[in-house]
Colleague: 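Just passing along the structure, written as structure tokens.
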Amino acid sequence: MQRNMCKTVTKNSLVKSNSNRSNYNTSNNVRVRFAPSPTGYLHLGSARTCLFNWLFAKKNNGNFILRIEDTDIKRHQENTITSIIESLKWLGINWDEGPDIGGKYGPYRQSQRLDIYNQYAQKLLKEQKAYYCFCTQEELKTQREKAEKEGKFYKYDRRCLNLSEKEIKGYIENGKEKAIRLLVPKDKTIVFEDTVYGKIEVNSNNIEDFIIIRSNGLPTYNFSVAIDDALMKISHIIRGEDHLSNTPKQLLVYDAIGFKHPIFTHLPMILGYDGQKLSKRHGSISIEAYREEGYLPEAMINYLALLGWAYDEKTTIFSVQDLIEKFSLHSINKKPAKFDPQKLTWINGYYIRNMKDEKLVTILSERIRVRIKEKEETKAKNQILVKSKTALNEKITKIVPLVKERVKTLKECDNLIAPFFFEVDYTEEIKNYFKNKDINPGKAREIIDKTTEALSLIGSWPSAPSLTLTPTHPKVSSEFTSTQIEEILRALSNKLNLDFRKFAEVIRIALWGSTISPPLFETIEILGKDETIKRLATYKAFLSPA
RNA sequence: GCCCUCGUCGUCUAGGGGUUAGGACACAGCCCUUUCAAGGCUGCAACGGGGAUUCGAAUUCCCCCGAGGGCACCA
């Protein structure tokens, strides 16, 4: 059987396939599009749809087109177009044709294509495949509500189809509001083969004569998409599953006009944790929000690709290049996917950990610079510890290896390293941390005093006669390095007969204002002797005498 | 109400007649450890239910149940 043959082939080529879905041509002229309506930020679901389109285009050397569906004047907001475009660019998605760069099938904004829709509507009218409807919206609404009350499915009763030419003429001359409806053929089976969902059959009797041009002259969605997709020579329509039920209507438009059908691929929905449609109450759902939270574009892409698609039984990490090579419409599954922020975060952490140090340095420098600027604009200017851009970069270069394995988002990283650049704010909780602890405030003072003393020695050696520590530690040199610091602090902790964990906790809290910090010895080195000693003193002041 | 879909660990998924039903996230434990991570090891955990076909069903078919989407002068 064909199925078996294909299975063999695909196993060899490591590409999964359902042969019965592969009867289409992807060898040339692949043209796909992403067609957002500008009503808000770029949503995770839309981003995933966009990504799949883009991957498919890249993989097949096709064209990826960006089109803005802004026919609904009431809902669309101009500024959101910019924001959507920004998000796409941030993700690294580029397009070959679009509203900003043009192209030979433009314009790429539906609001600029109104003449086209009207021309086709007139053509259908002339061919009697569509007809004027003079029913008012109120009338229709009443009818619909009545039907719903009776538990019936409402379908337009075609009353305007039976109007005489004279009546029509009369209405038009009187300037009565008119919409245009498509004349849906009776009892026709509409069939299409969806790449993901397989063969879909719908009887046209289930579809009413839907409006294609509204009384305000604007086209409705099912009409304009069909026309645009056909005119823009879109070969594969890849979009969310919520459009599956609309596809027959669009096919009716294709057929009425005589357009060739494209290939349809519907993607399973992305749902929230509770299985409901992903919405604001599930938390952040825009690409923009994740960008701000410190997620990397490559991590977003990787995670999004895994929603509804899998390559094999093991791999979870895919570079964009991997995805382009391995992506296939055949391996998209049907089940709706629940968005899992934890996994996204894990993937993001993975990308941070595996990022080249230099790249992280660049990214973090930029982010810290933003924070510095914020401080500069407030009265907290004196809290900034780093003065020059060079100093900042040098510092971050040293910091990156310490923190890249410890954070999952850039924001988390910013927070972890902030005390390198700004004075520490000690919370009440931190100030009182050692009350009722094994190490009481008095003991903590002692630790701080001794540590201060010991650290002071580094660099002032060998002229340090008061050093009580040196007998147990012969190798005090003049370099303020993490190795040196570690040796001295461990020796000190030992001498004080303390568990080093507890000893270190005092220092950590004093230096970082937190129980969590980057590795202590390196932190002290980078912070520098003076700042370290200064912070030890600052914190000591919060410790009430025993 | 009608139409269209979907149903494997908590989550993303692999698996398409014979598997100890595999991996990843999360979770738990242990190891490592100056905190937090990272890393290593181990564990927990799934075929919605019922029939049918078959020697054999997570896999094919039917019914039920559950879930999502659509049915607008929204996109």
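Numbers restart at 1 for each chain; the letters A, B, ... are given by sequence-line order, proteins then strands.
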Colleague: Restricting to salt bridge (Lys or Arg N to Asp or Glu O under 4.0 Å), what partner residues turn up for A:D187, sequence neighbours left out?
Modeller: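 So A:D187 forms no salt bridge (Lys or Arg N to Asp or Glu O under 4.0 Å) with any residue.
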Colleague: Donor-acceptor pairs under 3.5 Å, side chain of residues 340-353 of chain A to any protein atom, not counting sequence neighbours: which ones?
Modeller:
| from | atom 1 | to | atom 2 | distance (Å) |
| --- | --- | --- | --- | --- |
| A:D340 | OD1 | A:Q342 | N | 3.1 |
| A:T345 | OG1 | A:Y295 | OH | 2.8 |
| A:T345 | OG1 | A:P341 | O | 2.8 |
| A:N348 | OD1 | A:L296 | N | 2.7 |
| A:N348 | ND2 | A:G294 | O | 3.2 |
| A:N348 | ND2 | A:K408 | O | 2.6 |
| A:Y351 | OH | A:N302 | OD1 | 2.6 |
| A:Y351 | OH | A:F318 | O | 2.8 |
| A:R353 | NE | A:G349 | O | 3.4 |

Colleague: Quick one: ring pair (Phe, Tyr, Trp, His ring centres under 6.0 Å) pairs with a partner in residues 199-229 of chain A, sequence neighbours left out?
Modeller: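 For residues 199-229 of chain A, and leaving out neighbouring residues, the ring pair (Phe, Tyr, Trp, His ring centres under 6.0 Å) pairs sorted by first residue read A:Y221-A:H243.
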Colleague: What pairs of nitrogen or oxygen atoms, one from the protein and one from nucleotides 44-48 of chain B, lie under 3.5 Å apart?
Modeller:
none

Colleague: Please name all residues satisfying side chain to side chain contact (heavy atoms under 4.5 Å, CB included) with A:K141, sequence neighbours left out, ordered by chain then number.
Modeller: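 Scan of A:K141 (side chain to side chain contact (heavy atoms under 4.5 Å, CB included), adjacent residues dropped) gives A:E145.
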Colleague: Give every residue pair that meets the salt bridge (Lys or Arg N to Asp or Glu O under 4.0 Å) criterion with at least one member in residues 32-51 of chain A, sequence neighbours excluded.
Modeller: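 Qualifying pairs: A:R33-A:D229.
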Colleague: Residues in ring pair (Phe, Tyr, Trp, His ring centres under 6.0 Å) with A:Y171, at least two apart?
Modeller: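 In terms of ring pair (Phe, Tyr, Trp, His ring centres under 6.0 Å), with neighbours along the sequence ignored, A:Y171 is linked to A:F134.
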Colleague: Not counting sequence neighbours, which residues clear side chain to side chain contact (heavy atoms under 4.5 Å, CB included) with A:N494? List them please.
Modeller: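 For A:N494, no residue satisfies side chain to side chain contact (heavy atoms under 4.5 Å, CB included) once neighbours in sequence are set aside.
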Colleague: With sequence neighbours left out, what residues match A:L271 under side chain to side chain contact (heavy atoms under 4.5 Å, CB included)?
Modeller: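 If we apply the side chain to side chain contact (heavy atoms under 4.5 Å, CB included) test to A:L271, skipping adjacent residues, the hits are A:M269, A:P336, A:K338.
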Colleague: Is there any protein nitrogen or oxygen under 3.5 Å from a nitrogen or oxygen in nucleotides 65-71 of chain B, and what are the pairs?
Modeller:
| from | atom 1 | to | atom 2 | distance (Å) |
| --- | --- | --- | --- | --- |
| B:G68 | OP1 | A:Q276 | OE1 | 2.3 |
| B:G68 | OP1 | A:Q276 | NE2 | 3.4 |
| B:G69 | O2' | A:D242 | O | 3.3 |
| B:G69 | N2 | A:S245 | OG | 2.8 |

Colleague: Give every pair of a protein N or O atom and an N or O atom of nucleotides 20-22 of chain B that lie under 3.5 Å apart, one pair per line with the distance.
Modeller:
| from | atom 1 | to | atom 2 | distance (Å) |
| --- | --- | --- | --- | --- |
| B:G22 | N2 | A:E313 | O | 3.1 |

Colleague: Could you tell me which residues satisfy side chain to side chain contact (heavy atoms under 4.5 Å, CB included) with A:T452, sequence neighbours excluded, listed by chain and number?
Modeller: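 A:T452 satisfies side chain to side chain contact (heavy atoms under 4.5 Å, CB included) with A:I448, A:S456, A:I533, A:L536 once adjacent residues are dropped.
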